[in-house]
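Reviewing the structure listed below.
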Amino acid sequence: MAVERTLSIIKPDATKRNLTGKINAKFEDAGLRIVAQKRIQLTPAQAGVFYEVHKERPFYGELCDFMASGPVVVQVLEGEGAIAKNREVMGATNPADAAPGTVRADFAESVGENSVHGSDAADTAAQEIAYFFSGLELVG
Ligand code: CMP
């Protein structure tokens, strides 16, 4: 399987509860390597650009406000099949449907405040990584 990179975001509900280390441990235990990471505060407009694909969805405004409600940790995870592996470790979007032991089953509060984001495909991973990081910041 090819080595890939994917964008991960630890969301405000998780940073507020001091869960960054516990979430990172799940990624690392699954064989994902954190090759870039920074804690930042987004504005609603910056979150809006990131989630532009959801612009027409009824929850778009709420999602942008939530993502700007506190610090987020943006990170790049690297590993064999990293995009699918990260989605496996995160669990289903709605924590009620997430498999036991996944990040969302263990930590997420609701479908909106669901602790983590992960890229869903190779093209979106490349775009999302480029939104937050320059090439010089990725240290494999
Ligand atoms: P994420 O993987 O970051 O991608 C889009 C986000 O939209 C998703 O996680 C959820 O946090 C959010 N989302 C999806 N469905 C809903 C919903 N029904 N209500 C509120 N937020 C949602």
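What you are looking at is a predicted structure, and each value in this text was computed from that prediction instead of being measured. Note that ligands are numbered from 1 as they come in the structure, with each ligand's atoms numbered from 1 the same way.
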Should the ring pair Tyr131 and Phe50 be called parallel, tilted or perpendicular, given that the plane angle runs from 0 to 90° and is split at 30 and 60? tilted
As a test of reading the model: which residues have a non-hydrogen atom less than 4.0 Å away from ligand 1? Lys11, Tyr51, His54, Phe59, Leu63, Thr93, Arg104, Val111, Gly112, Asn114, His117
Please say whether more than 12 non-hydrogen atoms of neighbouring residues, nucleotides or ligands are located less than 6.0 Å from NZ in Lys16. yes
Might you point out which heavy atoms bring Lys11 and Asn114 nearest each other, and give the distance in Å? NZ-OD1, 2.7 Å
Would you check if the side chain of Arg17 reaches a backbone N or O of Asp13 as a donor-acceptor pair within less than 3.5 Å? yes
Identify whether the distance between the nearest side-chain nitrogen and carboxylate oxygen of Lys85 and Glu4 falls below 4.0 Å. no
Working to the nearest 0.5 Å, report the span between NE2 of His117 and OH of Tyr51. 5.0 Å
